[in-house]
J.: 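I have a structure here, written as structure tokens, and I will follow up with some questions on it.
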Number of protein chains: 4
Amino acid sequence: MRAKASGGQRERTFTESGRRAQIVDAAIEVIAELGYARASFARIAKRAGLSSTGMISYHFAGKDDLVRACAEEIVRVLTEFMRPRIDAAAGYAAKLRAYIESNVDIVGSRPAHLRALLEILNNARDADGQVIVDSAVVTSRAELFATHLRDGQRAGEFGAFDVWVMAHALTGAIDAVVGAHATGEEGEGPARDLERCGRELADAFERATAPWRR
Amino acid sequence: MRAKASGGQRERTFTESGRRAQIVDAAIEVIAELGYARASFARIAKRAGLSSTGMISYHFAGKDDLVRACAEEIVRVLTEFMRPRIDAAAGYAAKLRAYIESNVDIVGSRPAHLRALLEILNNARDADGQVIVDSAVVTSRAELFATHLRDGQRAGEFGAFDVWVMAHALTGAIDAVVGAHATGEEGEGPARDLERCGRELADAFERATAPWRR
Amino acid sequence: MRAKASGGQRERTFTESGRRAQIVDAAIEVIAELGYARASFARIAKRAGLSSTGMISYHFAGKDDLVRACAEEIVRVLTEFMRPRIDAAAGYAAKLRAYIESNVDIVGSRPAHLRALLEILNNARDADGQVIVDSAVVTSRAELFATHLRDGQRAGEFGAFDVWVMAHALTGAIDAVVGAHATGEEGEGPARDLERCGRELADAFERATAPWRR
Amino acid sequence: MRAKASGGQRERTFTESGRRAQIVDAAIEVIAELGYARASFARIAKRAGLSSTGMISYHFAGKDDLVRACAEEIVRVLTEFMRPRIDAAAGYAAKLRAYIESNVDIVGSRPAHLRALLEILNNARDADGQVIVDSAVVTSRAELFATHLRDGQRAGEFGAFDVWVMAHALTGAIDAVVGAHATGEEGEGPARDLERCGRELADAFERATAPWRR
DNA sequence: GATGAATGAGTGTTCATTCAT
DNA sequence: GATGAATGAACACTCATTCAT
């Protein structure tokens, strides 16, 4: 009787897709604003203009399912934002810079999506304490980096560092800078605009990854 | 009837200190294992071998107080581990390397402490959604970095990067590498030992921060 | 997911109104019987035939909200009982008598409502120790008296007493007589029926308020 | 081993009496300030400068016992304050006036004692919901009034009212005026000083009780 | 399809009281 | 005499989920 199980490939009616999208959007907003722990069905339903939480349970198999749907939607939106800029760049180093800069820039146009994604990646666990979306999203991001870095090394555009370490350092650094900026903590010094932050970060990793004589 | 408020300066009896320490240790373990959101008083009490959650409330003014006590204990332990190595290093660059390497190494000897600290920093908020331990710990970490980097720049050991961005990139990168290693996700390639990860990460930031010709 | 906040103007379904009324009735009974302090959600739920206290929280925003709803319901019932008799009386003195007598009589038909109201007025405070329903009910009662007395003085039906003192004396006297009668304490002497008590009290205040030569 | 059972006639050592008195004083203050429901052993112990609530349980058989001791102490103090003024008055009517006026005046010199007494009378119940101090204190007050009024009637100083009703009206009126004044609610008009309130109230009951032609 | 009332386990916290020391 | 750690029940309240309608 129930649709549920977002992993399934059942086709969805328009209204169901509409409701699902509406709920996912509301959930993303609430998670971004209140954090994962405080993002209850009740608050999400209120934000979505729904009269009861039952509606959410009706459309999603459970909280895990909803969270996964949110993560997928966020990744879709972020990718859509970053893809063109990365594609436009020529060469591994340039693509890496495009990735970093666009990832940082995104905090300006989609701050909620980014905050929500970080919340989900850091906190979402199922009843057994297992991470919910990690393998589907974050690993792929790091692995994607790793692949890119390895390819760039082979092409001679990068130096001889450990790609696994560098890939994770990269994701962590981006998230931290973005997070610190999003929470308004800008420290002393000249007002920090996003573009400059992105450029600085890209500069740092350019130096870290550039070929060098060992 | 307890002075509670960890900030207080009331002297504590031996038994009370013992119980507090016991509870803090249990809380750190539970937070590390189950994540902050699932670390309830009930679970912490069970882990500590306590008969009721009331006992925790008896020794701590509230969850916030317990969490702060955990953070302080973790920082104390981590500092104790890292301090000698950092002090032994001579020069800004060497000290930075010592910090990074010892911070990564620590995941081997105190994995729970590190995981718990990250959980707390990322998730612990009070009823109003305000971060609980940030200013006392994480900001000071980034600010400490920023100060170190700025001093190093003046001494000519570092290049002309933005210290705010670099400091946050540094903390984020360390936490990400450490976190990825702690969760057992080691990707492909040769088995990654911690020391090598620390060295690689230190290498990367050495290149990123080294003086260069603009 | 309920609009809650009894002040809200959301329309309610039939079932919801029913449940709310049912809970309010149970709460009034429990407060009257056990006193405000002992009127916990658990006891109210049991009295209302509900399976859990969560149900009460579902229909009311909190204990304060429930208590306010109780006070409103009680005032509604009491007003319904007294209004016709007061309206039927002609002149300030006669209306005062009608108020006092009907207020005392009501203890016969709605003893729980009266006891509960007194309990609420005397004890209901929020977390900060602020009175919950005072301004809405009890003050208005004393103020209403004061206005009535002042108008009666201007019309020459009452003497030259201080209206503030008299108004509070009036409310206090009514509540005390009603309370003493409700708790079954009737002292010695002939069995005291309610009507006679009301008449005696009205007589006393008639003498106290009647015009006199200073 | 334990002293306890305040009703008992065991002689007490000096320190024990001292501790008891100290606890009773603290309890009276806390009840007056926070209300009966919020006056927990923990708060009373803190106010008394005690390190644990165990101390209270050691000296009193339970909360009921402590509350009874408080009521007795309050009545003792109030009586001490009022007795001389009442004794000095000659005649039933004059004594009644002295009682009312001194009772109102007392709010100026012992506001906490009065508030605490009202809190106890209105709220203190044992586990079965039975009033704790009523028979010992409040009834005696009303009964004392009733006796006084009856004697005055026989002496021809009072009219032919029902003494039970008048006695309770009197206690209720005094408590209400005193309570309203103590909570700062003074309404409009000229600043209301206590003496004037007492005089007004005494005037009102003088008129209500004075002999009249039926 | 959709609703919203209902559930029961769970949250942190406070409570009066006990008891070994 | 006195202490303070410990207890366990109770508190109001939130949670994700279910189910008759």
Side-chain angles (χ1 to χ4, degrees), chain A residues 1-3 13 15-16 19 37-45 50-64 66 127, chain B residues 1-2 12-16 18-20 37-45 50-66 127, chain C residues 1-2 12-16 18-20 37-45 50-66 127, chain D residues 1-3 13 15-16 19 37-45 50-64 66 127:
Chain A
M1 200 63 204
R2 303 295 168 74
T13 66
T15 46
E16 187 183 339
R19 273 268 184 273
R38 309 187 67 201
S40 68
F41 275 22
R43 279 189 261 259
I44 293 168
L50 265 34
S51 60
S52 104
T53 67
M55 192 77 273
I56 301 178
S57 289
Y58 179 76
H59 284 289
F60 296 88
K63 194 166 191 184
D64 297 2
L66 171 58
Chain B
M1 274 290 59
R2 219 69 324 280
R12 290 192 233 278
T13 65
F14 173 75
T15 12
E16 185 184 345
R19 268 277 177 270
R20 279 183 64 99
R38 298 170 50 80
S40 67
F41 273 23
R43 277 188 262 260
I44 294 169
L50 265 32
S51 64
S52 80
T53 68
M55 197 71 270
I56 301 179
S57 289
Y58 176 75
H59 284 288
F60 296 88
K63 193 165 194 184
D64 297 3
D65 188 33
L66 171 58
Chain C
M1 273 285 67
R2 220 62 333 274
R12 291 193 232 276
T13 65
F14 173 75
T15 8
E16 186 184 345
R19 268 276 178 270
R20 278 182 65 97
R38 298 170 51 80
S40 68
F41 274 22
R43 277 188 261 259
I44 294 169
L50 267 31
S51 63
S52 79
T53 68
M55 198 71 272
I56 301 178
S57 290
Y58 177 74
H59 284 289
F60 296 88
K63 193 166 195 185
D64 296 4
D65 189 33
L66 172 58
Chain D
M1 199 63 202
R2 302 295 167 75
T13 66
T15 46
E16 186 182 340
R19 273 270 183 270
R38 310 187 67 200
S40 67
F41 276 21
R43 279 188 261 261
I44 293 168
L50 266 33
S51 60
S52 103
T53 66
M55 192 77 274
I56 301 178
S57 290
Y58 178 76
H59 283 290
F60 297 87
K63 193 167 192 185
D64 298 1
L66 170 59

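These numbers come from a predicted model, not from an experiment.
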J.: When rounded to the nearest 0.5 angstrom, what is the spacing between CZ in B:F60 and CE in B:M55?
T.: 10.0 Å

J.: Once you round it to whole Å, what is the distance between P of E:dA5 and CZ of C:F60?
T.: 12 Å

J.: Please name all residues satisfying side chain to side chain contact (heavy atoms under 4.5 Å, CB included) with C:S40, sequence neighbours left out, ordered by chain then number.
T.: C:A42, C:R43

J.: State, to 0.1 Å, how close A:S52 and A:G54 come at their nearest heavy-atom pair, and which atoms those are.
T.: OG-N, 2.9 Å

J.: Taking CZ from B:R38 and C1' from F:dA16, how many angstroms apart are they, rounded to a whole number?
T.: 13 Å

J.: Could you give the CZ-to-P distance, from D:F41 to F:dT7, as a whole number of Å?
T.: 20 Å

J.: Under 4.0 Å between a side-chain N or O of C:R19 and OP1 or OP2 of E:dA6?
T.: yes

J.: Within this structure, what is the CG-to-C1' distance between D:L50 and F:dT3, rounded to whole angstrom?
T.: 10 Å

J.: Within the pair B:Y58 and F:dA6, is there a side-chain N or O less than 4.0 Å away from OP1 or OP2?
T.: no

J.: Rounding to an integer number of Å, can you tell me how far A:I56 CD1 sits from E:dT3 P?
T.: 12 Å

J.: Rounded to whole angstroms, how far apart are CG on C:D64 and P on F:dA12?
T.: 11 Å

J.: Working to the nearest 0.5 Å, report the span between NZ of C:K63 and OG1 of C:T53.
T.: 11.5 Å

J.: Which residues satisfy the side chain to side chain contact (heavy atoms under 4.5 Å, CB included) test with C:A45, sequence neighbours excluded?
T.: C:L50, C:I56

J.: List the atom of D:F41, the atom of D:L66, and the distance in Å for their closest heavy-atom pair.
T.: CE1-CD2, 4.0 Å

J.: Starting from Watson-Crick (N1-N3 plus N6-O4 or O6-N4) and G-U wobble pairs under 3.5 Å, report the runs of at least three that DNA chain E belongs to.
T.: E:2-21 with F:2-21

J.: Find every protein N or O atom lying less than 3.5 Å from an N or O atom of nucleotides 8-10 of chain F, and list the pairs.
T.:
unit_1: F:dG8; atom_1: N7; unit_2: B:S52; atom_2: OG; d: 3.3

J.: Tell me the interatomic distance from A:K63, atom NZ, to F:dA16, atom C1', rounded to whole angstroms.
T.: 8 Å

J.: Using modelled atom types only, decide if a donor and an acceptor are shared between the side chain of C:R20 and the backbone of C:H59 within a distance under 3.5 Å.
T.: yes

J.: Report yes if at least one side-chain N or O of A:H59 is closer than 4.0 Å to OP1 or OP2 of E:dG1; otherwise report no.
T.: no

J.: May I have the distance from A:I44 (atom CD1) to F:dC15 (atom P), rounded to whole angstrom?
T.: 10 Å

